[in-house]
Number of protein chains: 6
Amino acid sequence: MTLGGQEAMSQLTHLDDQGHAHMVDVGTKANSQREARAEAYITMAAATLALITEGGHKKGDVLAVARIAGIQAAKKCADLIPLCHPLLLTHIKVELTPEPLHNRVRIESCCRLNGQTGVEMEALTAASVAALTVYDMCKAVDKNMVIEGTRVLEKSGGKSGHYVAELRARTTGIDNDTN
Amino acid sequence: MTLGGQEAMSQLTHLDDQGHAHMVDVGTKANSQREARAEAYITMAAATLALITEGGHKKGDVLAVARIAGIQAAKKCADLIPLCHPLLLTHIKVELTPEPLHNRVRIESCCRLNGQTGVEMEALTAASVAALTVYDMCKAVDKNMVIEGTRVLEKSGGKSGHYVAELRARTTGIDNDTN
Amino acid sequence: MTLGGQEAMSQLTHLDDQGHAHMVDVGTKANSQREARAEAYITMAAATLALITEGGHKKGDVLAVARIAGIQAAKKCADLIPLCHPLLLTHIKVELTPEPLHNRVRIESCCRLNGQTGVEMEALTAASVAALTVYDMCKAVDKNMVIEGTRVLEKSGGKSGHYVAELRARTTGIDNDTN
Amino acid sequence: MTLGGQEAMSQLTHLDDQGHAHMVDVGTKANSQREARAEAYITMAAATLALITEGGHKKGDVLAVARIAGIQAAKKCADLIPLCHPLLLTHIKVELTPEPLHNRVRIESCCRLNGQTGVEMEALTAASVAALTVYDMCKAVDKNMVIEGTRVLEKSGGKSGHYVAELRARTTGIDNDTN
Amino acid sequence: MTLGGQEAMSQLTHLDDQGHAHMVDVGTKANSQREARAEAYITMAAATLALITEGGHKKGDVLAVARIAGIQAAKKCADLIPLCHPLLLTHIKVELTPEPLHNRVRIESCCRLNGQTGVEMEALTAASVAALTVYDMCKAVDKNMVIEGTRVLEKSGGKSGHYVAELRARTTGIDNDTN
Amino acid sequence: MTLGGQEAMSQLTHLDDQGHAHMVDVGTKANSQREARAEAYITMAAATLALITEGGHKKGDVLAVARIAGIQAAKKCADLIPLCHPLLLTHIKVELTPEPLHNRVRIESCCRLNGQTGVEMEALTAASVAALTVYDMCKAVDKNMVIEGTRVLEKSGGKSGHYVAELRARTTGIDNDTN
């Protein structure tokens, strides 16, 4: 598809008609109950994953630290992403699930808001930073970890309607039937 | 691989011998010139990518905003990742390259430091937040974007030696021969 | 008292039924006018307190700096306390009162909000950081200062009702009849 | 003790000779290896403490969240305390120990730096914020918690010499023989 | 004009009747649609301005970076200005216009909110930080730049009514007929 | 002056040879003792200035709050100005002097560092935010205040040599003989 510049710009709502970035005016949008869920995966060597999941009662801290980092990152979203609106999340949840069959940890985040704009960026930021935190805590033993498949799973509220991601992500071959 | 808890913990340097998170003591490590490069990809519909790359002189702002967001995020790394050390980056660079053949934007970051600890987390954070910013600016027209292949490409300085990622990432099939 | 784990977890609302931390969903709670007051004390040598209170018109700055630090800290509460909700305080007040008879400075904070969650953490954070700031400004002459009795004095709004602290704090023997 | 204003101001190093706050010039101080340890206590009902310590493998998260909050707060010290210097901590450790005999949780923090200024404010901030985080997570079941005895335990490095707190804190009657 | 202290203090609403700073209680003010516009100018050598405006398609980045910095700064206003209320801007726009006839760049910002307090500080902060960012990017070639005429142009919403700045600023001789 | 794009870009060191913003590599620059002083003026109605300067012992807080805000802003410079390097200021001083003859408050800031890059942006940011804070505290009584003449007064350290601003600023007619 090829659009002329002006038309393209008007579709990218964060750019004004001169192509300049601005923070979109949401002042006239209605408040609604909004929710977004996102996911990310961090793949690693089997031995690295074992370090996280083995170890009896001590095992919790890698995942606990990443969970907290993800929650705090959701609150920092407007500080990180230049054109995001500041907003008052009413709920943040980040779950990390080791998937030994796939040599990876799956991260799913959920954010909620009663407000004028969607919260998918907050959910994506939470998942991304939780994944980066797992990376940080395991990097001494594994430099080949890769963060994959960071995407929005579901988004509701607002006039754009209910969005549910396709069962299979377009490019990764990641199977989301465990969602 | 299965390790007993204690041994596992001692390998995950961010956990002490009780499995509790702490910020590793780097006070006795020598200063050295350190550099890390990381990459990430954001895949999108061809029409979405065209909106970024079409439009004459106006096209710059999506990539310019993401570049700035990535640079600023590198400086916030220790605030985002709980066990990262605060440090004084001497250089940050974030490049975004549209790859129309692959329907994606490639992001490569580079961070440098003369200090006591590596900067791969800063590079990864820069790449991740730049990708999230592209997502934010295009999400009005495409909800199916996915961030893929976030990983360290190269790391030098410090006693752990020079690391270069394998030519082909383990799980994505992404070809890094353009690095 | 001993509760089974599951029951205990459901009482600690910041933990889900697996004991994992999350930010509690307040989206269904009604907005109400909320207020919280907190206090803290910093005890010091008589000579140290005299340095704060003596000195004619110049004396003001130690307490003025601590007052500002406390006010700003209340606004950072959700950034400091991982599971606190971001919220829009409508009022913050921090008062510091030298109490020469007790060789201490008393700090009282007050925060207000029209919102879905209480503001006692904001008030406690304000009082704590104001006390830390007094410590910082006096530490060159007194290393034996101690911050004591940081607690909530009163809390109103929300469905949990009006809370007023007992006249005498449980463990400190601190007399709050000057409140 | 009563000092004239001018002399008093010159002792409070954060005030200039007009009594105005400034950030003290440490540029001519030698770098040295510095460490500070601080402590704080949060007292609570026995039943509240039991909720933290009971519950099998799930018990970890209250203390894990507070530990992370304390570590992150140490890094934010210069942002919270107006006249603190920004600095590059090389190590942060926060330990939380339930003390059922005393119906409290003891928090001990340790910070290290090779630099030009001491790190006791960072250690105090870590302990304070960890205590506030415990308060936050337990406040749904106990509003009478009190944070007590926040003080510096030990400080080394720099020309002011090695400081060790007295065995018994001046005002609390808290026994530090378990340090 | 000379007022007694008490009367003066009651006019400076950020000071209580003892002259102590506090964050004014806006909890009883009505929500209204609010907007503020501010401006600032950065004057520079003609050759410096030419470096910004010349250069074909590459010219965009100086202004793009400053635009983003201004937008992000508006969101940080309550963190920078101690007695500002945290608030949820619904719109931020920062425009930078080179004015070669005057050897300067003109910056105009606009902020909007539906809330209980005005947004002129946010608009002023956006314009100021955008100007500082231009300074930063050009300082290698011009140390004599000056930021001038930072002021509120227009403010609407709230009970204080509609304010429009006089056509000509009081002290600068800057002509605002191009607004 | 007109330069071709490429040459212009190489002079604006924050842009690479494609005109893209990056954080300049200072890793090879020598550490040196650096200092910068900056100034700004906020002009206001005579009656507004009187509110600040009248009022006996209570008068201090407007200027005290602005002084603290300026000091804290200097520490946030790298967070506000996208391409500024994070650095460890060893000294920050902000002075506010009412100048009744000129109906204004003069602000002078001073920052020092032993490091690889200059600190003029930190000094400018301190002066700017102190001025904005005065604006905030007086805006209830005066909407016509203007911030003027924000510029670098002096800069030393580093290989670019000692810079002293001309006695008279280029565009404001502000007389700096009181510096």
Side-chain angles (χ1 to χ4, degrees), chain C residues 1-3 5 8-9 11-15 18-21 43 46-47 50-51 54-56 58-59 61-62 65 68-69 73 76 80-84 120-121 124-125 128-129 132-133 135-141 143-152 155 163 165-166 169-172, chain D residues 1-3 5 8-9 11-15 18-21 43 46-47 50-51 54-56 58-59 61-62 65 68-69 73 76 80-84 120-121 124-125 128-129 132-133 135-141 143-152 155 163 165-166 169-172:
Chain C
M1 188 189 89
T2 300
L3 293 173
M9 291 306 117
Q11 292 190 260
L12 296 180
T13 51
H14 290 66
L15 302 184
Q18 296 173 58
H20 293 165
T43 61
L51 288 175
E54 306 280 327
K58 295 165 185 171
K59 74 184 173 185
D61 251 15
V62 171
V65 175
I68 296 306
K76 290 184 210 289
L80 288 170
I81 313 293
L83 304 179
C84 276
E120 66 266 50
M121 291 316 302
L124 286 165
T125 300
S128 297
V129 171
L132 290 169
T133 301
Y135 191 103
D136 179 47
M137 297 186 77
C138 297
K139 69 181 191 296
V141 295
K143 291 182 171 52
N144 294 309
M145 291 175 284
V146 184
I147 301 170
E148 304 279 5
T150 308
R151 61 171 185 155
V152 175
K155 176 181 185 306
Y163 166 80
E166 306 153 37
R170 195 168 44 214
T171 59
T172 58
Chain D
M1 188 189 87
T2 300
L3 292 173
M9 291 306 117
Q11 292 190 261
L12 295 181
T13 52
H14 290 66
L15 301 184
Q18 296 174 56
H20 293 165
T43 61
L51 287 175
E54 306 280 327
K58 295 165 187 172
K59 74 182 173 186
D61 251 15
V62 172
V65 174
I68 295 306
K76 289 183 211 288
L80 289 171
I81 314 292
L83 304 179
C84 277
E120 66 266 50
M121 292 314 303
L124 286 166
T125 300
S128 297
V129 172
L132 290 169
T133 302
Y135 190 104
D136 179 49
M137 298 186 77
C138 297
K139 69 182 191 296
V141 296
K143 290 181 172 51
N144 295 309
M145 291 175 285
V146 184
I147 300 170
E148 304 280 5
T150 308
R151 60 170 186 154
V152 175
K155 176 180 183 309
Y163 166 80
E166 306 152 39
R170 194 167 44 213
T171 58
T172 58

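Protein chains get the first letters and strands the later ones, always in sequence-line order, with residue 1 at the start of each. These numbers were taken from a predicted model, which means no experiment stands behind them.
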Would a 4.5 Å heavy-atom cut-off, applied to side chains only, mark K139(D) and H14(C) as touching?
-> yes
Write down the atom of C138(C), the atom of L12(D), and the distance for their closest heavy-atom approach.
-> CA-CD2, 4.0 Å
Can you tell which of L132(D), T125(D), V152(D), L80(D) has the highest number of heavy-atom pairs within less than 4.5 Å of chain C?
-> L132(D)
Contact part of S128(C) toward chain D, heavy-atom cut-off under 4.5 Å: side chain, backbone, both or neither?
-> side chain
Separation of M137(D) CE from L15(C) CG (nearest 0.5 Å) | 4.5 Å
Quick one: which of A73(D), A140(D), P82(D), C84(D) has the most heavy-atom pairs under 4.5 Å with chain C, could you say?
-> P82(D)
State the CD-CG distance between E120(D) and D136(C), to the nearest 0.5 angstrom.
-> 8.0 Å
Sequence-distant partners of K143(D), side chain to side chain donor-acceptor pair (under 3.5 Å), two or more places apart = none
Rounded distance [0.5 Å steps], OG1 in T133(C) versus CG in L83(D) | 8.0 Å
To the nearest 0.5 Å, tell me how far I81(D) CD1 sits from Y135(C) OH.
-> 12.0 Å
Any idea which heavy atoms bring R151(C) and M145(D) closest together, and the distance?
-> CB-O, 3.8 Å
